[in-house]
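Atoms considered below: every heavy atom in the structure, side chains included; atoms not considered: hydrogens, waters and symmetry mates.
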Amino acid sequence: MPDYANNTQIPAARVSIWDTVTNFVSREWYRWFYNMYMAVEAGRRYGSFYSTTVFTPAATNTAYALTFNNTYTRADGSDVTYGVYIGAPTSRIYVDNTATYNFQFSAQLRQTGGGTKRVYIWPRINGVNVDDSATEVTLTGASNDAAVAAWNFVLNLQNGDYFELIYSSSSTNISFPYVAASSPVPAIPSVILTVTSCVGV
């Protein structure tokens, strides 16, 4: 990110903001406004994604990456994403700018059998687990009981890095279901992920 304290290049406080000769903002102040705009624009990154895939672990105590197959859209039909995008494979969420990002997710969990199960969720960056980042969710009760896992990670990524959301389970009798819409409730994605850059001036 730019050095906000030293990017103005204004030579002195007495420089007028308005050039009375040209009737425009003076070059020194224009340079300051332009640099500040570029600094904020460089950090303005976001994306909002979800999955309609039903995830079920094939084996216990094995790491699996959750995938995303949809991007939320605005009222005009355009994607709610800028500089953050789904890559290949679709578990990878790429960023095009070096910054600190807030990754917020919610995941629908369901038991497919009775008893107690433990599900672990954590982030990876560029295929490497983030240290000290996992959380355990315990599912208890009867089959079809549901729960939700939802929290966030604040992580620094470089231009071209990618983020993945990983899970593992002590049982194969769990799923991340996608539930179709049923009036008056809209559909329930198996996983929702929103990504925003942390910008400070």
Side-chain angles (χ1 to χ4, degrees), residues 44-60 62-96 101-113 117-127 129-130 133-155 157 161-198:
R44 184 177 67 92
R45 296 292 187 271
Y46 57 85
S48 186
F49 316 101
Y50 66 98
S51 181
T52 59
T53 301
V54 176
F55 302 98
T56 302
T60 61
T62 303
Y64 296 98
L66 296 167
T67 60
F68 300 89
N69 56 7
N70 287 277
T71 300
Y72 281 101
T73 57
R74 301 181 179 89
D76 63 4
S78 61
D79 288 343
V80 181
T81 180
Y82 181 74
V84 181
Y85 56 94
I86 300 172
T90 58
S91 62
R92 297 181 179 182
I93 304 298
Y94 282 87
V95 300
D96 73 352
Y101 292 86
N102 187 6
F103 296 87
Q104 297 177 289
F105 80 94
S106 64
Q108 182 73 53
L109 293 169
R110 179 170 292 171
Q111 295 205 107
T112 57
K117 292 96 175 168
R118 291 177 174 82
V119 180
Y120 305 88
I121 300 174
W122 68 93
R124 281 180 179 170
I125 297 177
N126 300 332
N129 293 336
V130 176
S133 63
T135 297
E136 175 186 310
V137 179
T138 302
L139 301 176
T140 60
S143 180
N144 289 324
D145 278 1
V148 64
W151 54 88
N152 70 302
F153 309 99
V154 176
L155 303 169
L157 275 73
D161 285 353
Y162 66 86
F163 166 93
E164 291 179 292
L165 192 60
I166 310 298
Y167 81 95
S168 178
S169 175
S170 65
S171 171
T172 58
N173 292 323
I174 67 103
S175 71
F176 294 74
Y178 170 77
V179 182
S182 178
S183 182
V185 181
I188 303 173
S190 52
V191 189
I192 296 171
L193 177 69
T194 59
V195 185
T196 53
S197 58
C198 305

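- Annotation: the span from T52 atom OG1 to N69 atom CG amounts to 3.5 Å, rounded to 0.5 Å.
- The two residues Y167 and P57 make their nearest non-hydrogen contact at OH-N, 3.4 Å.
- Contacts of Y72 classified as ring-ring contact (aromatic ring centres under 6.0 Å, His included), with partners at least two apart in sequence or in another chain: Y50.
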Please test T135 against Y120 for side-chain contact (heavy atoms from CB on, under 4.5 Å), starting from the C-alpha separation and ending with a verdict. CA-CA 6 Å; T135 297; Y120 305 88; over 6 Å; no
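- A cation-pi arrangement, defined by a distance under 6.0 Å to the six-membered ring centre and an angle within 45 degrees of its axis, is present between R44 and Y82.
- Sequence neighbours left out, not one pair with a member in residues 174-197 passes salt bridge (Lys or Arg N to Asp or Glu O under 4.0 Å).
- The structure places OG1 of T112 at 6.5 Å from NZ of K117, a figure rounded to the nearest 0.5 Å.
- In this view, A63 and W122, R124, I166 satisfy the side chain to side chain contact (heavy atoms under 4.5 Å, CB included) rule, not counting sequence neighbours.
- The minimum heavy-atom distance linking D76 with S78 is given by the pair OD1-OG, 2.6 Å.
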Under 3.5 Å, which donor-acceptor pairs link side chains of residues 183-194 to any protein atom two or more places apart or in another chain?
residue	atom	partner	partner atom	Å
S190	OG	S51	O	3.2
S190	OG	T53	O	2.7

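- In this structure the side chain of R110 reaches within 4.5 angstrom of the side chain of V179, judged on heavy atoms.
- The only member of D96, V95, V84 that meets side chain to side chain contact (heavy atoms under 4.5 Å, CB included) when paired with L157 is V95.
- Qualifying ring-ring contact (aromatic ring centres under 6.0 Å, His included) partners for F55, counting only residues two or more places apart in sequence or in other chains: none.
- The side chain to side chain contact (heavy atoms under 4.5 Å, CB included) search around T90 returns T67, I86, not counting sequence neighbours.
- Minimum interatomic distance between S169 and V119 (heavy atoms only, all atoms of both residues): OG-CG2, 4.1 Å.
- In terms of heavy-atom proximity, R118 sits nearest to T138 at CG-OG1, 4.1 Å.
- To the nearest 0.5 Å, atom CZ of residue R45 and atom OG1 of residue T81 are 10.0 Å apart.
- Legend: residues meeting ring-ring contact (aromatic ring centres under 6.0 Å, His included) with F163, ordered by chain and number and at least two apart, are F103.
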Could you go through N126 and Y162, starting from their C-alpha distance and side-chain angles, then the distance that decides it, and tell me whether this counts as side-chain contact (heavy atoms from CB on, under 4.5 Å)? CA-CA 5 Å; N126 300 332; Y162 66 86; 3.5 Å; yes
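- The side chain to side chain contact (heavy atoms under 4.5 Å, CB included) search around A58 returns Y64, not counting sequence neighbours.
- For the atom pair CD of E136 and CD1 of I121, the computed distance is 11.0 Å after rounding to the nearest 0.5 Å.
- Of the possible donor and acceptor atoms, one in the side chain of S168 sits under 3.5 Å from a partner among the backbone N and O of T62.
- Legend: residues meeting ring-ring contact (aromatic ring centres under 6.0 Å, His included) with F68, ordered by chain and number and at least two apart, are absent.
- Under the side-chain hydrogen bond (donor to acceptor under 3.5 Å, both in side chains) criterion, Q104 pairs with no residue at all, not counting sequence neighbours.
- Side-chain contact check for N70 versus F49: every heavy-atom pair is 4.5 Å or farther apart.
- In this view, T56 and V54, S175 satisfy the side chain to side chain contact (heavy atoms under 4.5 Å, CB included) rule, not counting sequence neighbours.
- Across every non-hydrogen atom of V80 and Y46, the tightest pair is C-CE1, 4.0 Å.
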Donor-acceptor contacts under 3.5 Å from residues 139-153 side chains, at least two apart:
residue	atom	partner	partner atom	Å
D145	OD2	A142	N	3.1
N152	ND2	N102	OD1	2.9

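- No side-chain heavy atom of L155 sits under 4.5 Å from any side-chain heavy atom of Y101.
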